[in-house]
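Scope of the values below: all heavy atoms of this structure, side chains included, with no hydrogens, waters or symmetry mates. Here, residue 1 is the first one in the sequence, and each next residue gets the next number.
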Amino acid sequence: MKKLLFFSLAALVAFPSCDSNKDGDAEKPLTLSATSITGLPALPAGHTYEVWAFAMDSDMEPATVIAKAPLSNGGFSITLPAPPPTGTLLPPVQFDIPADDAGLKIAIVLLAGIVDEDPEEGGLIYYGSKNVFMYYVYANQAFKADGKGVDYNDGSETRTTFSLDCKAGWNMAVMVDSDNLVTTAIPSGLKWMTE
């Protein structure tokens, strides 16, 4: 697979570029905006550049596009629908998240920069810091999950520690060191970055 431009966005409360979901409204869309991405290379003319919001599948791979927006002048504004499409909402156990609330369904979303509508083209861009990047988690109801999940993929075992306290609707979560997904301890000093 060629490079894919990945975006993960600003904190819901700490950064003014995101609408807040303080009240836990499951029907409130979330608009995410960026005006500057540090290190973003010049985008050659003659191509289209967009930001796509991907709902992740149970293997945490980008699966379903739920929103698109143009990437221009080094920035974008994209709105995540609430609720996201039905097929993107899965029980938390599908993501190895230790939460078994009756009827709970979640979607985990990552933003990616796309060149000429080809998901195989681009380069890595994310909101975070070294070893930290953002996801957005939609929940159809409030839930908490603390503990470890274990995933057996291709004969190897991956353990992820979860510390999630999500309201109904959209929530921000950070992945730290590729094995800790948290909403409860968002680090400071995060910024738009490229690799």
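Closest approach of Thr183 to Met172, counting heavy atoms only: CG2-O, 3.2 Å. Heavy atoms only, all atoms of each residue included: Ala82 and Pro29 are closest at CB-N, 3.7 Å. Smallest separation of non-hydrogen atoms from Pro98 and Phe162: CD-CD1, 3.5 Å. Considering every non-hydrogen atom in both Ala55 and Ile66, the closest pair reads CB-CG2, 4.1 Å.
Atoms CG and CD1, from Asn171 and Ile108 in turn, are 11.0 Å apart once rounded to the nearest 0.5 Å. Here CG of Asp59 is found 9.5 Å from CD of Gln94. Values are rounded to the nearest 0.5 Å. Rounding to the nearest 0.5 Å gives a distance of 9.5 Å between CG of Asn140 and CD1 of Ile106. Considering CG of Leu71 and OG of Ser77, their distance stands at 12.0 Å, rounded to 0.5 Å. Once rounded to the nearest 0.5 Å, the distance linking CD of Glu50 with CD1 of Ile78 reads 9.0 Å.
Checked against the 6.0 Å centroid threshold, Trp170 and Tyr138 count as a close aromatic pair.
Contacts of Asp146 classified as side-chain contact (heavy atoms from CB on, under 4.5 Å), with partners at least two apart in sequence or in another chain: Ser163. Met175 meets the side-chain contact (heavy atoms from CB on, under 4.5 Å) test with Phe133, Tyr135, Leu181; sequence neighbours excluded. Residues passing the side-chain contact (heavy atoms from CB on, under 4.5 Å) test with Val65 are Trp52, Phe54, Lys68, sequence neighbours excluded. For Thr79, the side-chain hydrogen bond (donor to acceptor under 3.5 Å, both in side chains) partners are Thr31, not counting sequence neighbours. In this view, Thr64 satisfies the side-chain hydrogen bond (donor to acceptor under 3.5 Å, both in side chains) rule with no residue, not counting sequence neighbours. Applying the side-chain hydrogen bond (donor to acceptor under 3.5 Å, both in side chains) criterion to Asp179, with sequence neighbours excluded, gives no partner residue.
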For this session: Could you give me the CA-CA distance, side-chain angles and deciding distance for Ile114 and Tyr49, then say whether side-chain contact (heavy atoms from CB on, under 4.5 Å) is met?
Result: CA-CA 6 Å; Ile114 304 297; Tyr49 301 94; over 6 Å; no
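Residues Leu80 and Leu111 meet the side-chain proximity criterion, which asks for heavy atoms closer than 4.5 Å. Within the 4.5 Å cutoff, the side chain of Thr160 has no heavy atoms near those of the Asp96 side chain. Two residues are said to be in side-chain contact when any heavy atoms from C-beta on lie closer than 4.5 Å; Met56 and Leu110 meet this criterion.
Put simply, the side chain of Asp165 never gets that close to the backbone of Thr184: no donor and acceptor are under 3.5 Å apart. The backbone N or O of Ala102 sits less than 3.5 Å from a side-chain atom of Gln141, completing a donor-acceptor pair. A distance-only check finds a donor-acceptor pair linking the side chain of Asp57 to the backbone of Met60 [under 3.5 Å].
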